[in-house]
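What follows is a set of notes on a single structure, which appears directly below.
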Amino acid sequence: MSEDFQSDQDFALGPDDFPSPEEYQLHCLRHSTSHIMAAAVQQIFPDARFGIGPPIKNGFYYDMQLPRPLTPEDLTEIELRMREIVKEGREFQQQTWNKDKALEFFGSHSQNFKLELINGIPGETVSTYSIGDFTDLCAGPHVRRTSQCKHFKLTSIAGAYWRGSERNPMLQRIYGTVWPTKDELEEHLHNLEEARKRDHRRVGRELELFMTHEWSPGAPFWLPKGTTLYHTLQEKLRRLLSRNGYLEVKAPLLGSHNLFRTSGHWDHYKENMFIVEDEDGADFGLKPMNCPMHMLIFGSKRRSYRELPLRLAEQSPLHRNERAGALAGLTRVRQFQQDDAHIFITEDQIGEEVTRLVGLLKRIYTAFGMPYRYVLSTRNEEKFMGDIPLWERAERLLAEGLEANGLEYTIAKGDAAFYGPKIDQMVQDSLKREHQLGTIQLDFQLPRQFNLSYVNAENSESIPVVIHRALYGSFERFIGILIEHYAGAFPLWLAPVQAKVLSISEKTVDYAREVYDRLIEADLRVELDARDDKIGAKIRDSQLEKVPYMLIVGAKEAEARAVAVRSREKGDEGASPLDDVIARIRQEADFNY
RNA sequence: GCCGGUGUAGCAUAGAGGUAAUGCGACUGACUUGUAAUCAGUAGACCGGGGGUUCGAUUCCCUCCACCGGCUCCA
């Protein structure tokens, strides 16, 4: 360990708490830069009251209460002063104070948030760090001196509630990023710019996949090309599911309050539901989830253990009244469709069903070239229903289901919902960002609330276990992630337009039209560009539209009944007979999970 | 919901207390084109909605709406 890092003291966090020395050093660097920022802010606003300023992924933030809202110009000013502090090379000096001294010190500086923190810290003493005249309550660790924090940039200003609670005052938060070297900082800023360029909202508009309108906030309008994408994902999934024992259903969108009272949504989820009244004033709700409806389907007749596992899949629209400030693009919407399913099983079938599910996830996500990992969420000691032995058995079965497939996973202790443990699938996209997509949730409660049972082999009644599961998550969010993963350049089987026929001149339009018709007959998604324009311009437009294949036809091709193929990735591939090209594209487009 | 920001033609941007400009796109015409932008012309904006200040507001103020960045990754 380098002596640039304060690993030699008795800190709350030491090098051993991190997976690697690099991460430990980054932690120190980011935490330290956060202090430098606070010191700079204090120079400008002597009355600033500080909250917390932790290191985070890629950087740091600091929450503070200031006499006025910050502007972007303030960030520039703060950065300037930070650079001075960095240049001065002030030393990070640690001191251990007893609490009385700390309370007196921070009290005399009106740092009431710090007082609250001190009172929440166990033990008799607290740790502080000073750089020059700026002293902060902090467990550390830090770098040795401020001169080590050269390569930073302040990135944004945001509002944040003190301790994340809406009942607390709103503080101002400044986010920043910092790296050990200039190159790494520049690379990070470059990555941010790249991410901005492939933002699904931007690409979705440019490629005419979807639109939004202020008269339907939180509900995307799927344009023709986006609808093709949506349907393709639905159909590929349907095929996979029907081959794996799923039965698709379509339950109503609207349900009586009686349904949602029974499911518990009326008591626990009503503020997120859209409620409508019929002419007599009876309350109905738009379903926020499919599960209550599927319970009714299961309960609609006497069920036998021979029917289990009963796998009911549904892709219907769901509505959730998300808070206005939480809406964003396709990732946080009010109307969406999950690739939902509820699997009714006996307790004995849990392990095998998990195996089947991770098998399905594997097929799907290898198709997209996205690596992933699993997280098992276990019982929360404070909020859970049902008996503990059943929970423990179920958690073990989930774990075994993963292990039996040679899958590594981490455990999120206490993160389960009250009704049962779950496995979440964390998927990495091409920009190495993680998204929670697939989920496998056990539920011991809902079948009981709906009084569900089946006749077991001993001819008595048993209560089924339910698995709620999604593979894509929601189509909306999944498409948003795919757009960014591929930057709009979808694989052939998924591309809204698979090929575009480009005519070189007016003289070859008839043949171009013929080529177009042949591709249509071959069930390919194809467009014809017969404008009176130069071939270069048509190629450029197709390339910007990210069409996988351009089929260029001029006099030579018409003569030979051929097309010149230009692929999105490889460029000009020369001419081939039309029949061969159709066969080739057809074969490549023929894809299933 | 809360904090901050933004809202000008389909898109990207400019502008200023006296009703708006540029590029791309669209449309029309000419060119008939061989692998990432042919040329010329035309049309297109109640400057997000409502209210106020003012002789006059798109510009300043208030309010509503939408969008964007956030709202524990816990000293």
Side-chain angles (χ1 to χ4, degrees), chain A residues 11-13 27 30-31 34-35 50-63 65-66 68-72 74 102 106 111 113-122 126-129 136-141 155-175 196 199 201-202 205-206 208 211-218 271 321-329 502-509 531-545 550-557 564-568 571-575:
Chain A
F11 299 115
L13 287 176
H27 179 96
R30 288 173 176 158
H31 198 172
S34 164
H35 277 235
F50 294 97
I52 59 167
I56 54 172
K57 197 178 172 199
N58 296 330
F60 58 89
Y61 68 77
Y62 215 119
D63 287 345
Q65 197 170 50
L66 301 173
R68 63 166 175 83
L70 289 168
T71 64
D74 290 325
F106 288 106
Q111 293 293 344
F113 299 114
K114 295 294 177 187
L115 296 182
E116 201 178 318
L117 292 172
I118 294 166
N119 287 322
I121 295 171
V126 297
S127 160
T128 64
Y129 274 86
D136 199 0
L137 175 73
C138 181
T155 48
S156 61
I157 310 166
Y161 296 104
W162 168 237
R163 303 202 138 178
S165 168
E166 295 179 21
R167 289 185 301 277
N168 290 337
M170 173 78 62
L171 308 181
Q172 298 192 68
R173 173 175 296 180
I174 306 176
Y175 282 94
R196 203 180 64 79
D199 185 305
R201 290 165 292 200
R202 172 183 176 141
R205 182 177 52 240
E206 287 169 353
E208 298 187 9
M211 56 171 256
T212 55
H213 195 280
E214 64 172 304
W215 289 352
S216 270
E271 60 281 12
N321 197 355
E322 301 287 351
R323 319 161 99 196
L327 300 177
L502 312 183
S503 57
I504 285 181
S505 84
E506 226 170 50
K507 293 171 187 146
T508 52
V509 167
R531 292 173 301 172
D532 295 344
D533 220 330
K534 295 177 77 165
I535 194 64
K538 296 186 188 185
I539 287 167
R540 181 182 150 82
D541 288 346
S542 291
Q543 194 70 39
L544 293 175
E545 288 163 24
M550 291 166 241
L551 305 180
I552 298 167
V553 297
K556 280 185 289 187
E557 287 77 16
V565 176
R566 186 187 167 96
S567 86
R568 180 180 62 196
D572 190 359
E573 294 184 19

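All of these numbers come straight from a predicted model, not from anything done at the bench. First the proteins, then the strands, lettered A, B, ... as listed; each starts at 1.
A donor-acceptor contact shorter than 3.5 Å links the side chain of A:Asp74 to the backbone of A:Thr71. Of the possible polar contacts, none joining the A:Glu506 side chain to the A:Asp532 backbone as a donor-acceptor pair under 3.5 Å is found. The main-chain N or O of A:Leu137 is never found under 3.5 Å from a side-chain atom of A:Thr128 such that the two would form a donor-acceptor pair. In this structure, A:Thr508 contributes its side chain and A:Ser505 its backbone to a donor-acceptor pair below 3.5 Å. A:Lys538 contributes a side-chain N or O that, together with a main-chain N or O of A:Arg531, makes up a donor-acceptor pair within less than 3.5 Å. At distances below 3.5 Å, at least one donor-acceptor pair connects side-chain atoms of A:Gln172 with backbone N or O atoms of A:Leu70.
Among the protein residues, A:Ile118 comes within range of no part of the nucleic acid, since none of its heavy atoms lies under 4.0 Å from any strand. Nucleic acid contact for A:Gly574: none, since no nucleic acid atom lies under 4.0 Å from a heavy atom of the residue. Residue-level contact check: A:Gly536 touches the backbone only, with heavy atoms under 4.0 Å from sugar-phosphate atoms and none from bases. Residue A:Lys57 is in base contact, counting any heavy-atom pair closer than 4.0 Å across all strands shown. Backbone-only contact: A:Ile52 has heavy atoms under 4.0 Å from sugar-phosphate atoms and none from a base. Nucleic acid contact for A:Arg173: sugar-phosphate only, since backbone atoms but no base atoms lie under 4.0 Å from a heavy atom of the residue. A:Lys538 comes within 4.0 angstrom of nothing in the nucleic acid, heavy atoms only. Using a 4.0 Å heavy-atom cutoff across all strands shown, A:Asp533 reaches at least one base atom of the nucleic acid. A:Gly218 comes within contact range of the sugar-phosphate backbone alone, with a heavy-atom separation under 4.0 Å but no base atom that close. Residue A:Ala158 is in base contact, counting any heavy-atom pair closer than 4.0 Å across all strands shown.
Nucleotide B:C71 forms a pair with B:G1, judged by Watson-Crick or G-U wobble geometry with both contacts under 3.5 Å. Within the shown strands, nothing qualifies as a pairing partner of B:A9 under the Watson-Crick or G-U definition with both distances less than 3.5 Å. Across the strands present, B:G29 finds its partner in B:C39; the criterion is a Watson-Crick or G-U wobble pair with both atom distances under 3.5 angstrom. Applying the Watson-Crick and G-U wobble criteria (two distances, each under 3.5 Å), B:C55 pairs with B:G18. The nucleotide B:C46 finds no pairing partner, because no Watson-Crick or G-U wobble arrangement with both distances shorter than 3.5 Å includes it.
The nucleotide whose nearest atom lies closest to any side-chain atom of A:Ala564 is, among B:G34, B:U38, B:C65, B:G34. Set against B:U38, B:G34, B:G69, the side chain of A:Lys534 has B:U38 as its closest nucleotide. When distances run from any side-chain atom of A:Ser156 to the nucleotides B:G69, B:A75, B:G48, the shortest one goes to B:G69. Checked against B:G4, B:G48, B:G1, the side chain of A:Pro69 finds its nearest nucleotide in B:G4. Comparing atom distances between the A:Asp572 side chain and each of B:U35, B:A36, B:A37 picks out B:U35 as nearest. Residue A:Ile552 has its side chain nearest to B:U35 when only B:G1, B:U35, B:G34 are considered. Nearest nucleotide to the side chain of A:Asp532, out of B:U33, B:C73, B:A37: B:U33.
Residue whose closest nucleotide on RNA chain B sits further toward the 5' end, between A:Ile535 and A:Arg540: A:Ile535. Between A:Trp162 and A:Gly554, it is A:Gly554 whose nearest contact on RNA chain B lies nearer the 5' terminus.
Once rounded to the nearest 0.5 Å, the distance linking CG of A:Asp136 with NE2 of A:His31 reads 7.0 Å. The CZ atom of A:Arg568 sits 11.5 Å away from atom OG of A:Ser542, with the distance rounded to the nearest 0.5 Å. The distance from atom NZ of A:Lys534 to atom CZ of A:Arg540, rounded to the nearest 0.5 Å, is 13.5 Å.
Rounding to whole angstrom units, CG of residue A:Leu502 and P of B:U32 are separated by 20 Å. Atom CD in A:Glu166 sits about 12 Å away from atom C1' in B:C3, given to the nearest Å. Across the protein-nucleic acid pair, A:Met170 atom CE and B:G70 atom P stand 14 Å apart, rounded to whole Å. A straight line from NZ of A:Lys507 to P of B:G34 spans 10 Å, rounded to a whole angstrom. Rounded to an integer number of Å, the gap from CD1 of A:Ile56 to C1' of B:A75 is 16 Å. Between A:Trp215 atom CH2 and B:G49 atom C1' there is a gap of 10 Å when expressed in whole angstrom units. As a whole-Å value, the separation of A:Leu551 CG from B:G34 C1' is 15 Å. Atom pair A:Ile157:CD1 and B:U6:P shows a separation of 11 Å (rounding to whole Å applied).
Taking only distance into account, the side chain of A:Arg566 meets the base of B:U35 through a donor-acceptor pair shorter than 3.5 Å. Residue A:Tyr61 places no side-chain atom within donor-acceptor reach of the base of B:G70, judged by atom type and a 3.5 Å distance cut-off alone. Between the side chain of A:Glu557 and the base of B:G34, a donor-acceptor pair under 3.5 Å is found.
In this model, the phosphate group of B:A75 is not approached by any side-chain N or O of A:Lys114 to a distance below 4.0 Å at OP1 or OP2. Residue A:Arg205 places at least one side-chain N or O closer than 4.0 Å to OP1 or OP2 of B:A12. Taking side-chain N and O atoms only, A:Arg201 has no distance below 4.0 Å to OP1 or OP2 of B:C67. Taking 4.0 angstrom as the limit, A:Arg531 places none of its side-chain polar atoms (N or O) nearer than this to OP1 or OP2 of B:A37. Remark: A:Tyr175 is in phosphate contact with B:C71, judged by side-chain N or O atoms under 4.0 Å from OP1 or OP2.
Separating the C1' atom of B:U6 from that of B:U19 is a span of 23 Å, rounded to the nearest Å. Comparing B:A21 with B:A30, their C1' atoms are spaced 28 Å from each other, to the whole Å. Straight-line distance between the C1' atoms of B:G23 and B:U8: roughly 15 Å, to the nearest whole Å. Atom C1' of B:G50 sits at a distance of 10 Å from the matching atom of B:C65, rounded to the whole Å. The gap from the P atom of B:G48 to that of B:A75 amounts to 45 Å, rounded to the nearest Å. Nucleotides B:C39 and B:U33 have their C1' atoms positioned 13 Å apart, rounded to a whole Å. B:G17 and B:G52 have their P atoms separated by 23 Å, given to the nearest Å. Spacing of P atoms, B:A43 relative to B:U53, comes out at 38 Å, to the nearest Å.
Taking the six-membered ring where the residue is Trp, A:His35 and A:Tyr62 present perpendicular rings, their angle passing 60° and hence far from 30°.
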